[in-house]
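What follows is a single structure, written as structure tokens, with notes after it.
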Amino acid sequence: VGGGAFECCTGLTSFSAPNLETVGDSAFDGCGRLTSFSAPKVTTVGGGAFYGCTGLDSFSAPNLETVGNYAFYNCTLLRSFSAPNLETVGYSAFYRCTGLTSLDLPALTTVGGCAFYGCTGLKSLNLPKITTVGTSAFTICTGLKSFIAPKLKTVESCAFYACTGLTSFSAPNLETV
């Protein structure tokens, strides 16, 4: 799907494309009524691809490896996000996705700056391969209770700023804060 292909298609409610491999920049930007997206072969979601899709509730892409900058920015109703092969999350990719409560991202290694900024509903994470957490990546994730990352090596500035609910942090290989 090319850049801006469905941008501002305000009536679009669901999207399923079994052979789609790439979602371009701003492809669904402003599709406020889009509630579900399924594309099992997608490996890349471009920058701002679902920016402002405030109705998006579920996203499934089992082969997804990369989420670009601002990809799901302000998708406030996003509750279900399934991408077990996701390795990289870009800058502000899930900014203010307040509906997210848990994430299981077993292949994720890098979280960009502000990636989950303001995800106040986020309570639990499974990030066993994470090595780098970017600047302000989890800022104001007030619901986050614990953070366990056995391979984490680097935590950049303000990464967990104002995570008022955080009571437990474990990163046995942490080298740089």
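V133 and I148 are members of different hydrophobic clusters when ILVMFWY side chains are connected at heavy-atom separations under 4.5 Å. Both V45 and L108 belong to a common hydrophobic cluster when Ile, Leu, Val, Met, Phe, Trp and Tyr are linked at side-chain heavy-atom distances under 4.5 angstrom. When the side chains of ILVMFWY residues are joined at heavy-atom separations under 4.5 Å, either directly or via intervening members, L103 and V111 end up in a single hydrophobic cluster. Hydrophobic clustering, with ILVMFWY side chains joined whenever heavy atoms are under 4.5 angstrom apart, keeps F50 apart from Y117. One hydrophobic cluster holds both F59 and F116 under the rule that ILVMFWY side chains link at heavy-atom gaps under 4.5 Å.
In terms of heavy atoms, P84 sits closest to A107 at O-CB, 3.5 Å. When all heavy atoms are compared, the tightest approach of F147 to L166 is N-CD1, 4.0 Å. For G112 against A137, the heavy-atom pair with the smallest separation is O-CB, 3.6 Å. Closest approach of F94 and C119 over heavy atoms only: O-SG, 3.1 Å. Taking every heavy atom of both residues into account, A17 and P40 meet most closely at O-CD, 4.0 Å. For the pair T98 and T120, the tightest heavy-atom approach, listed with the atom from each and the gap, is CG2-OG1, 3.7 Å.
With ring centers used as reference points, F81 lies under 6.0 Å from F72.
Classified by interplanar angle (parallel below 30°, tilted 30° to 60°, perpendicular above 60°), the ring pair F160/F169 is perpendicular.
Distance check: T76 OG1 to D57 CG gives 10.5 Å after rounding to the nearest 0.5 Å. Note that the OG1 atom of T54 and the CG atom of L78 stand 11.5 Å from one another [nearest 0.5 Å]. Distance CG/L64 to OG1/T88: 10.0 Å, rounded to 0.5 Å. A distance of 8.5 Å separates CG in L77 from CG in L56, rounded to the nearest 0.5 Å. How far CG of L125 is from OG of S146: 8.0 Å, rounded to the nearest 0.5 Å.
No side-chain donor-acceptor contact under 3.5 Å links D29 to the backbone of A49. Although no hydrogens or angles enter the test, the distance criterion places no donor-acceptor pair under 3.5 Å between the side chain of N74 and the main chain of G52. In terms of modelled atom types and a separation under 3.5 Å, the side chain of T101 and the main chain of L122 share no donor-acceptor contact. With E156 contributing its side chain and G134 its backbone, the two residues share no donor-acceptor pair below 3.5 Å. With T139 contributing its side chain and C158 its backbone, the two residues share a donor-acceptor pair below 3.5 Å. Side-chain atoms of T167 come within 3.5 Å of backbone atoms of K145 as a donor-acceptor pair (strictly under, hydrogens ignored).
Of the charged side-chain nitrogens involved, none lies within less than 4.0 Å of a carboxylate oxygen, so that K41 and E21 do not count as a salt-bridged pair.
Using a 4.5 Å cut-off on side-chain heavy atoms (C-beta onward), V23 and V42 make contact.
Side-chain atoms of K151 and N173 form no donor-acceptor pair, as typed in the model, at a separation below 3.5 Å.
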